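First comes the structure, then the notes that go with it.
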Amino acid sequence: MKLRWSPKTKVAVVMVVALCLPVSALITAQLLRLYYLEETKPVQAILNQQLLQGMRKVEKQILVERNGLAAELAGALEPADLSKPQELHRRLQQAAATKPFIDLAVFYSPETGAFIAPRPAPADSFEASERMENGEQLAGSIEATYQRFTDMLVEGEKSRMYSAVEDFLVVLKRNRNQYNTAHYVLLHDAEHRPAGVLGFTMDRKYLQETLFNEAFRKVQAAEPENSPFDYTVLGIRDRETGDLIWTSEPTSAKWDAKDARKSFDYVMLFHVMVAKMKGMTIDEMAHEFMMRNLLLVLGLAVVMFGGLFFTWRSVNREMELARLKSDFVSNVSHELKTPLSLIRLFAETLELGRVRTSEKAQEYYSIIRKESERLTGLINNLLDFSRIEAGGKQYRFEPTNLAGLVEQTLESYRYHLEQRGFELEEHLDAGLPAVQVDREAYSLCLLNLLDNAVKYSGDSRKVAVSLFRENGSAALGVEDHGIGIHRKDHRRIFEKFFRAGDPLVHNTKGSGLGLSLVKHVAQAHHGSVAVESSPGQGSKFTLRVPIDDAGRN
Ligand code: ADP
């Protein structure tokens, strides 16, 4: 069996296959991509990577700064003269007292043993007695691994790393363990031979208030303008309690458990370095990125489907117009054929002399006249229509007594009405002032409206024509009590070729041009045409022309 599709179905299928499918595929692909991004979180990974890079740079800078401080401390004691231990001890104490970065300093050499120099004014973090205890622990650890430290530091000096680090546990305050990281530096004698190892812990406040900030600022200054580092906020957190002990931007609140982090043991034992973007967390940022993309895709979808919808609508309109045109051709041919065959039939009958009575002959003559008038009317409509379509329709406006013109037109139509048993009611206001109209066009309008009233009257036999003044217009009303017009068609009946779907309309000949001509004439007169009607209730058409319109051409 062969599939037979209506043109509309064909267009629908073509649109679905050629447009909807690719558009849907495109949008689906975009959505899948977004879903993939949401699932695998590459955005988060990239951001994380960037933050990690920033953290590495700052940590490295902190180590460089700390090496500088270690070298400074060593410089204050060198050359270490082991033959004068008191002198060495005094210089150590002086350094601990004057260098703000020192919390605790310990010197050890096998020759002299250990000297402990805590910072004299107790800093916040460590009490004096505890600091002394810590000093002893530190001294003990240096002593225990003296040779290893020395070798390590000698190696370190070759690569310009002046201090080394070892995990160092400090037991502190109220049974709570607190930790610090100790740093070691090698001291040399006058001949630049290793003379002992100096260990020190750094003051927490100094780290928080000076060293970290300085390192951060230096990295920032070295970064090119608008680098990701500009948007990075760093922090240092206690790994156990989660307390933030330092941040590069104290005003920026909102840290997140999922912020990028890296170990910070080389500087402060049991601490981590954390980083986030300024203003929002990585998740928020990724979420914003997602939302923006999602909105974009959805917006695109709306635009694309909107476009499809409009294409569909305009294609449908064109198809409808094509259908109307072909209906029009068959309607018009039909309308031309009927009067012509009648004229021929009666003319032949007369010619052959078959008519017996003169009344009969009279009747046939009048039929021939009537039918030829109908033909003329139809052809006038067609000619007017084609002129209008070609944009070449010219109107000749002249001051006109409308009541007279309407009366005259009705007169020529009265016979037609009476023949069909119609009763014509007239209310013409003879007192209207002269109005500028094209007489021929105006009377064509009235004829078209009357013709419709007659055609679509159904069983009713009453037509009323009125002419009256309404505000600044002369209003011509044509009213019938026929089949009426559905609300939804009120606008469309004025379109060319349109004919309502009512069965009576289809059984009645017509071109679908009459009302579109009336509308054109109304507009050319700067007036309007309107309809009041509902199915079964009859219709009233009103043509309004402004009474005093000087601007008409
Ligand atoms: P035609 O009458 O040749 O079809 P028109 O442009 O004059 O074309 O009218 C368009 C359509 O409007 C008609 O086909 C009919 O459906 C509807 N129509 C016009 N006048 C009336 C009326 N008086 N009563 C009911 N329907 C009407």
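In this text the structure is predicted, and so the values were computed from the model without any measurement. Just follow the structure's listing: the first ligand is 1, and inside any ligand the first atom is 1. Residue indices begin at 1 and follow the sequence shown.
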Under 3.5 Å: N/O of Phe541 near N/O of ligand 1:
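No, since none of the N or O atoms of Phe541 sits under 3.5 Å from an N or O of ligand 1.
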Does Ser516 reach ligand 1 with a nitrogen or oxygen that is under 3.5 Å from one of the ligand's nitrogen or oxygen atoms?
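No - when backbone and side-chain N and O of Ser516 are compared with those of ligand 1, no distance drops under 3.5 Å.
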Kindly check if the number of other-residue, nucleotide or ligand heavy atoms within 6.0 Å of [atom1] ([X]) is above 12?
{"X": "His486", "atom1": "NE2", "result": "no"}
{"X": "Glu440", "atom1": "CD", "result": "no"}
{"X": "Gln394", "atom1": "CD", "result": "no"}

Atoms of ligand 1 close to [X] [distance to a heavy atom under 4.0 angstrom, numbered from 1]:
{"X": "Ala500", "result": "14 (O), 16 (O)"}
{"X": "Phe498", "result": "10 (C), 11 (C)"}
{"X": "Lys455", "result": "1 (P), 2 (O), 3 (O)"}
{"X": "Leu513", "result": "6 (O), 8 (O)"}
{"X": "Ile493", "result": "10 (C), 11 (C), 12 (O), 17 (C)"}

Is the [X]-[Y] ring centre distance short of 6.0 angstrom?
{"X": "His525", "Y": "Phe397", "answer": "yes"}
{"X": "Tyr413", "Y": "Phe422", "answer": "no"}
{"X": "Phe216", "Y": "Phe229", "answer": "yes"}
{"X": "Phe212", "Y": "Phe264", "answer": "yes"}

To check your reading of the model: name the closest protein heavy atom to [atom], its residue, and the distance in Å.
{"atom": "atom 23 (N) of ligand 1", "value": "Asp480 OD2, 2.8 Å"}
{"atom": "atom 2 (O) of ligand 1", "value": "Tyr456 OH, 2.7 Å"}
{"atom": "atom 7 (O) of ligand 1", "value": "Asn452 ND2, 2.8 Å"}
{"atom": "atom 4 (O) of ligand 1", "value": "Arg499 NE, 2.5 Å"}

Just by distance, do the side chain of Ser533 and the backbone of Gly538 share a donor-acceptor pair under 3.5 Å?
yes
With a 4.0 Å cut-off on N to O distance, would you call Lys276 and Glu249 a salt bridge?
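Result for this pair is no, no salt bridge flagged.
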Please confirm whether Lys393 makes a cation-pi placement over Tyr395, using NZ or CZ under 6.0 Å from the six-membered ring centre and within 45° of the ring normal.
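Judged by the rule (NZ or CZ under 6.0 Å from the ring centre, within 45° of its axis), Lys393 counts as positioned above Tyr395.
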Give the contacting part of Leu515 toward ligand 1: side chain, backbone, both or neither, where contact means a heavy-atom distance below 4.0 Å.
both
Say whether Gly482 and ligand 1 are in contact under the criterion: heavy-atom distance to a ligand atom below 4.0 Å.
no
Which residue from Gly514, Gly512, Ala453 reaches closest to atom 1 (P) of ligand 1 through any of its heavy atoms?
Gly512
Can you figure out which of Ile485, Asp451, Leu378 has its heavy atom closest to atom 26 (N) of ligand 1?
Ile485
